[in-house]
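The next block holds one structure in the form of structure tokens; read it before the comments.
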Amino acid sequence: MCGIVAYFGNKPAQPILIEGLKRLEYRGYDSAGIALLENGTFQVTKSPGRISNLEEMLAGRHSPATLGIGHTRWATHGRPNQVNAHPHVDCTGKIAVVHNGIIENYATLKKWLLKEGCTFLSETDTEVVANLIGYFYQRNQNRNGQLAPHGCNRFEWAVQQALSEIYGTYGLAILCADCPNVLIGAKKGSPLILGVGKNEFLIASDAAAIVKHTTQAIYLADGEMVIVDSGGFQTKTLSNEQVQKELKEIEISLDQIELEGFRHYMEKEIAEQPTALETCLNGRVDLKNGRIILGGISNYLRELTRAKRIILTACGTAWHAALVGEFLFEQLARIPAEVEYASEFRYRNPILEEGTVVIAISQSGETADTLAAVEQAKERGALVLGIVNVVGSSIARLTDAGVYLRVGPEIGVASTKAFTAQVAVLAMLAIELGRRRHLSTDTVQNLLQELTSIPQKIKRILRQSEAIRQIADANKDRENWLFLGRGFNYPVALEGALKLKEISYIHAEGLPAAEMKHGPIALITDKMPAVFIATRCSQYEKIIGNIEEVRARGGKTIVVATEGDEQIKPYADYLIPIPETCEPLQPMLTVVPLQMLAYHAAVLRGHDVDKPRNLAKSVTVE
Ligand code: F6R
């Protein structure tokens, strides 16, 4: 949800900012812009749409500026046009700002600033930040009569004054036209990282934008700021207390964020699932001793094993993984579990009795609603664990303990490899809790064997790409689809529908198959493909019955079934056979052909798969 990048060093800033913005484009692509500080004035270039538009505007311009800020936008306040694009400069021309987040009290502040004589050009909340900093920068004292310091210390002071007036969330990079050797970053609620290179520094929303230049970074915490100048950098709280931060090694490498011959990140990430899952499982499945080792939560296993209730909370695809988790905890560990949309949980005044453990699931670790749900659960005294991909992200830091997915950066806006890994982690957790509570050694051993065979089985599914592409081609012009599954595969039906919706803009609904006859069956015609997940499982006969109901009404069926299942053939207009595995682990296999189906449908319809309209990868606003 918006990406920001800033450069301070001895190289021309412009190409570094553009390159950084491209790495962050998955966070938003409504507009883009940069501001370079050249001879005491800002050179601002902004464009609606993609970074490529901005590049076209900058073609032939090679600024010598070595200090600059850049932004790629996911619009919240104001339409995605040029005026609303960042960077925003205050009305005196002294302060330039890029911002990721939302300023909740911007309307009140704007009213006040207008009265004080400030002028505004855009509809954004960010311009208020620029003007507020600019306002204090021009003053000799703050509202309490405290005198402003001189020189560039005044810039830093003005940032602190302004931010003390602001409610909301922000990751900010700020420049002052009078201070050609100063770059300031500040964070609250939105991610911000400082890359520390040799005589150069980068501030960015995430490591992808800086890893080409340095692998050493500092992760700012909420309420902290960083001031970079020719002497190096210092980190402080927003109330001006020094803080010592540890320099950390960035855990992603450049090749992980390159396309490496794939057409899209989504295609790459679907294909990466076998290796990603191997990495996720590696060292955690102890086949020899028939147990699971999850170092990150080992101190909490006793509490988890005795839990009276597990609440899983997440959004979107991660919520679908949580739904699989509910089945896993109940079936394998026999612990009551329930799933909550994080956005609902946080406002619902939830009852968390003793013995309730909350598990938050998030690929990015930055989703605002999930983060707020974690805060809410912690306030109420629950043990809160995280299942997160991005190392050092806000949710990873806020939870009491957790398990990382270890699947590497997920850049495609549609989540794929994170889903399979989330399910893998939940399966490991449920198996281990089941082992400690009641499962027999043989059952655990079988589950573990099956779990380790999943990556190879996904490889076999991936080989069917061409066959799945043909199914997508035959159905791509159908504007309404149904996805149906039962039991463990019901959440997969929801996920299949979400994947199709978000990248191919086809309307799709996911349902527990038996629910169809309570209403949605009225929609069935030969124009509406119904995708069934009908693998061999405890409800196999039941789902065959549901397929019959659709076919009896002329509906066309795309059926994901178990390899070698001859019985299913007459029920499928299109058949996608997948390898067999035990029921609780099936979602990691059944979801893969649905990801591929959605991918191919979107490509065939000519959409930009990695940047679906209106979406952004990391939803850091409510
Ligand atoms: C869908 C998708 C979203 C995310 C959701 C939560 O493909 O990616 O639905 O799953 O925004 O994001 P995280 O997992 O980062 O909390």
Side-chain angles (χ1 to χ4, degrees), residues 1-3 26-28 74 189-191 205-206 208 264-267 269-270 273 312-325 339-346 359-375 386-399 402-405 407-423 425-426 483 491-492 494-506 508 510 591-592 594-599 601-602 607-622:
M1 206 110 296
C2 299
Y26 71 91
R27 300 177 67 89
W74 186 83
S190 300
S205 300
D206 74 44
H264 300 100
Y265 283 105
M266 183 182 181
E267 185 187 34
E269 285 155 12
I270 291 173
Q273 287 177 110
L312 298 132
T313 187
C315 302
T317 288
W319 186 85
H320 297 152
L323 219 49
V324 179
V339 181
E340 299 267 5
Y341 283 112
S343 54
E344 291 294 320
F345 179 79
R346 59 183 293 194
I359 301 181
I361 306 175
S362 173
Q363 187 285 129
S364 62
E366 300 294 346
T367 301
D369 284 320
T370 313
L371 190 59
V374 169
E375 277 162 4
I387 297 178
V388 172
N389 191 35
V390 178
V391 176
S393 55
S394 302
I395 294 174
R397 279 184 281 118
L398 193 64
T399 41
V403 182
Y404 281 122
L405 300 182
V407 296
E410 191 182 66
I411 295 170
V413 167
S415 186
T416 52
K417 62 178 178 176
F419 176 84
T420 39
Q422 283 157 354
V423 175
V425 168
L426 288 161
F483 285 76
V492 176
L494 301 187
E495 176 61 5
L498 178 63
K499 289 288 91 95
L500 191 70
K501 270 187 274 210
E502 66 181 328
I503 55 171
S504 47
Y505 318 145
I506 292 172
V591 77
V592 177
L594 305 191
Q595 296 168 344
M596 293 160 81
L597 198 57
Y599 172 75
H607 297 314
D608 186 345
V609 173
D610 285 332
K611 298 183 190 78
R613 71 180 178 215
N614 304 337
L615 290 176
K617 180 73 181 159
S618 151
V619 185
T620 53
V621 296
E622 266 192 59

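When a ligand or atom number is given, it counts from 1 through the structure's own listing order.
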Give the minimum heavy-atom separation between [X] and [Y], together with the two atoms involved.
X	Y	result
Leu312	Gly325	CD1-C, 3.9 Å
Glu366	Ile395	N-CD1, 4.1 Å
Ala414	Glu502	CB-OE2, 3.5 Å
Val609	Ile503	O-CG2, 3.5 Å

Evaluate [X] for polar contact with ligand 1, using N/O atom pairs at a separation under 3.5 Å.
X	result
Leu498	no
Gln422	no
Thr370	no

Which ligand 1 atoms does [X] reach within 4.0 Å, using its non-hydrogen atoms?
X	answer
Lys499	1 (C), 7 (O)
Gln363	13 (P), 14 (O), 15 (O), 16 (O)
Gly316	9 (O), 10 (O)
Ala318	10 (O), 14 (O)
Ala414	7 (O)
Ser364	13 (P), 15 (O), 16 (O)

Reported [atom1]-to-[atom2] distance for the pair [X] and [Y], which is rounded to 0.5 angstrom:
X	Y	atom1	atom2	result
Leu426	Ile359	CG	CD1	6.5 Å
Thr416	Gln363	OG1	CD	9.5 Å
Glu495	Gln595	CD	CD	7.0 Å
Asp206	Ser190	CG	OG	12.0 Å
Cys315	Glu340	SG	CD	11.5 Å
Glu267	Asp610	CD	CG	9.5 Å

Structural part of Glu502 in contact with ligand 1, heavy atom criterion under 4.0 angstrom: side chain
His320 heavy atom under 4.0 Å from ligand 1: no
Below 4.0 Å from ligand 1: does a non-hydrogen atom of Val390 turn up there or not? no
Winner among Val413, Ile361, Ile503 once heavy atoms are compared against atom 8 (O) of ligand 1: Val413
Given Leu405, Asp369, Thr317, which one has a non-hydrogen atom that is nearest to atom 4 (C) of ligand 1? Thr317
Is the Tyr341 ring parallel, tilted or perpendicular to the Trp319 ring (thresholds 30°, 60°)? parallel
In the protein, what heavy atom is nearest to [atom], and what distance, to one decimal place, separates them?
atom	result
atom 11 (O) of ligand 1	Val619 CG2, 4.0 Å
atom 6 (C) of ligand 1	Cys315 O, 3.3 Å
atom 13 (P) of ligand 1	Thr367 OG1, 3.2 Å

